[in-house]
Undergrad: 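A single structure is presented below for examination.
Whatever order the structure lists ligands and atoms in, that order sets their numbers, starting from 1. Hydrogens, waters and symmetry mates play no part in the numbers below; they use all other heavy atoms, side chains included.
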Amino acid sequence: MSHLLHLDSSLRTDGSRSRMLSAHYANRWRAKHPDGAVTYRDLTVDPVPHLDNVAVSAEFVAAADRTPAQAAARALAEKLAGEVLAADTVLIGLPLYNFGPPSTFKAWFDRIVIRDLTVGKLGDKEFVIVTARGGGYSPGTPREGWDHREPWLRHALTVLSVTEPVFINTELTLARESPAMAPLDLGSAEDKSLADALASIDRLVA
Ligand SMILES: Cc1cc2nc3c(=O)[nH]c(=O)nc-3n(C[C@H](O)[C@H](O)[C@H](O)COP(=O)(O)O)c2cc1C
């Protein structure tokens, strides 16, 4: 049975483009895998605690010698990593905040990178990251290369042996909303970016 792990991380539960894209992907995936299982985790509604020294130190102590706090941290890591290990496809809805990923997503990622559980072990999984960003960062634009979320995550995933994650982006989501961007008249470019992203998802899950 196929298994999809679906994560969202937009602060917004209404009007979010990354949630729209991830829901679109999940719907397509369900239609293609009617007997499949979906695990859903909302990192905004149910945030994972930031990594701390208790969790890090737990990895350097034998299971029998862990303090109760270290044992609890390890149990959380095993739960989160277990969801990834059980999945064939990991779908991530990822907005751009201050040129990087949401801190909620970073907190989740820091908890699932565990030497004996996931490091070097996820090469058989498909990672699909659907992203939204308010501005324009396409090749040839003044802000090309300012979106540090994708290069960071591509590098970070190689630690888990994930070498070909798929990124599907929509951008200019603030074209109409932002007073600074509205005069630039980029509404049709915003619409095209969203339509292109939805079409890319349809092709990917065809
Ligand atoms: C705290 C915060 C920081 C943001 N930083 C950026 C940014 O650095 N670059 C950008 O293009 N858009 C930025 N935005 C706009 C979001 O990327 C945009 O609204 C996007 O659509 C959010 O994803 P969502 O639609 O899934 O909520 C920011 C929004 C918030 C709330």
Undergrad: Determine the sole option in Val38, Val130, Leu7, Leu5 for which the side chain to side chain contact (heavy atoms under 4.5 Å, CB included) test with Leu91 is passed.
TA: Val130
Undergrad: Could you tell me whether Arg176 atom CZ has more than 12 heavy atoms of other residues or ligands within 6.0 Å of it?
TA: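 Yes, CZ of Arg176 has more than 12 neighbouring heavy atoms, counting only those of other groups under 6.0 Å.
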Undergrad: Under 3.5 Å between some N or O of ligand 1 and some N or O of Leu11?
TA: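 No, since none of the N or O atoms of Leu11 sits under 3.5 Å from an N or O of ligand 1.
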Undergrad: Between Leu198 and Leu21, is any pair of side-chain heavy atoms under 4.5 Å apart?
TA: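 The answer is yes; the side chains approach within 4.5 Å.
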Undergrad: Short list, please: which atoms of ligand 1 are under 4.0 Å from a heavy atom of Ser10?
TA: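 Counting from 1, the qualifying ligand atoms are 24 (P), 26 (O), 27 (O).
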Undergrad: Any ion pair linking Glu171 and Arg143 (charged N to carboxylate O, less than 4.0 Å)?
TA: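 Between Glu171 and Arg143 there is no salt bridge, as every charged N stays at least 4.0 Å from the carboxylate O atoms.
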Undergrad: Consider only side-chain heavy atoms of I, L, V, M, F, W and Y, link residues closer than 4.5 Å, and tell whether Leu174 and Leu194 are in one cluster.
TA: no
Undergrad: Taking the side chain as everything from C-beta on, heavy atoms only, tell me whether Ser193 gets closer than 4.5 Å to Thr170.
TA: yes
Undergrad: Which is it for Arg17 and ligand 1 at heavy atoms under 4.0 Å: side chain, backbone, both or neither?
TA: both
Undergrad: Atom 5 (N) of ligand 1: which protein heavy atom is closest, and how many Å away?
TA: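 Ranked first by proximity to atom 5 (N) of ligand 1 is Asn98 N, 2.8 Å.
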Undergrad: Could you tell me whether Arg17 and Glu177 have a side-chain N and a carboxylate O separated by less than 4.0 Å?
TA: no
Undergrad: So which of Leu96, Thr170, Leu172 gets nearest to atom 14 (N) of ligand 1, if we judge by its closest heavy atom?
TA: Leu96
Undergrad: Measure the distance from atom 8 (O) of ligand 1 to every protein heavy atom, then report the residue, atom name and distance (to 0.1 Å) of the closest one.
TA: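 Looking at atom 8 (O) of ligand 1, the protein heavy atom closest to it is Phe99 N, 2.9 Å.
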Undergrad: Ignoring hydrogens and geometry, is there a side-chain-to-backbone donor-acceptor pair from Ser10 to Pro95 under 3.5 Å?
TA: no
Undergrad: With a 4.0 Å cut-off on heavy atoms, is Tyr137 in contact with ligand 1?
TA: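 Yes, that is the case, since the closest heavy atom of the residue is under 4.0 Å from the ligand.
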Undergrad: Show which atoms of ligand 1 fall inside a sub-4.0 Å distance from at least one heavy-atom site of Gly135.
TA: 10 (C), 11 (O)
Undergrad: Under a 4.0 angstrom heavy-atom cut-off, which atoms of ligand 1 come close to Leu174?
TA: 15 (C), 19 (O)
Undergrad: Kindly state whether the ring of His148 and the ring of Phe99 have centres lying under 6.0 angstrom apart.
TA: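 Distance test on ring centres: not under 6.0 Å, no.
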Undergrad: Starting from atom 12 (N) of ligand 1, what is the nearest protein heavy atom, named by residue and atom, and what distance separates them?
TA: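 The answer is Gly134 N, 3.2 Å.
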Undergrad: Tell me: protein heavy atom nearest atom 22 (C) of ligand 1, and distance?
TA: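 Checked against all protein heavy atoms, atom 22 (C) of ligand 1 sits closest to Pro95 CB, 3.7 Å.
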Undergrad: At what distance is the nearest protein heavy atom to atom 29 (C) of ligand 1, and which residue and atom is it?
TA: Tyr97 CD2, 3.6 Å
Undergrad: For atom 18 (C) of ligand 1, find the nearest protein heavy atom and state the residue, atom name and distance (0.1 Å precision).
TA: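 That would be Thr173 OG1, 3.3 Å.
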Undergrad: Looking only at distances, please establish whether an N/O atom of ligand 1 is found under 3.5 Å from an N/O atom of Arg133.
TA: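 Between Arg133 and ligand 1, no N or O pair is found under 3.5 Å apart.
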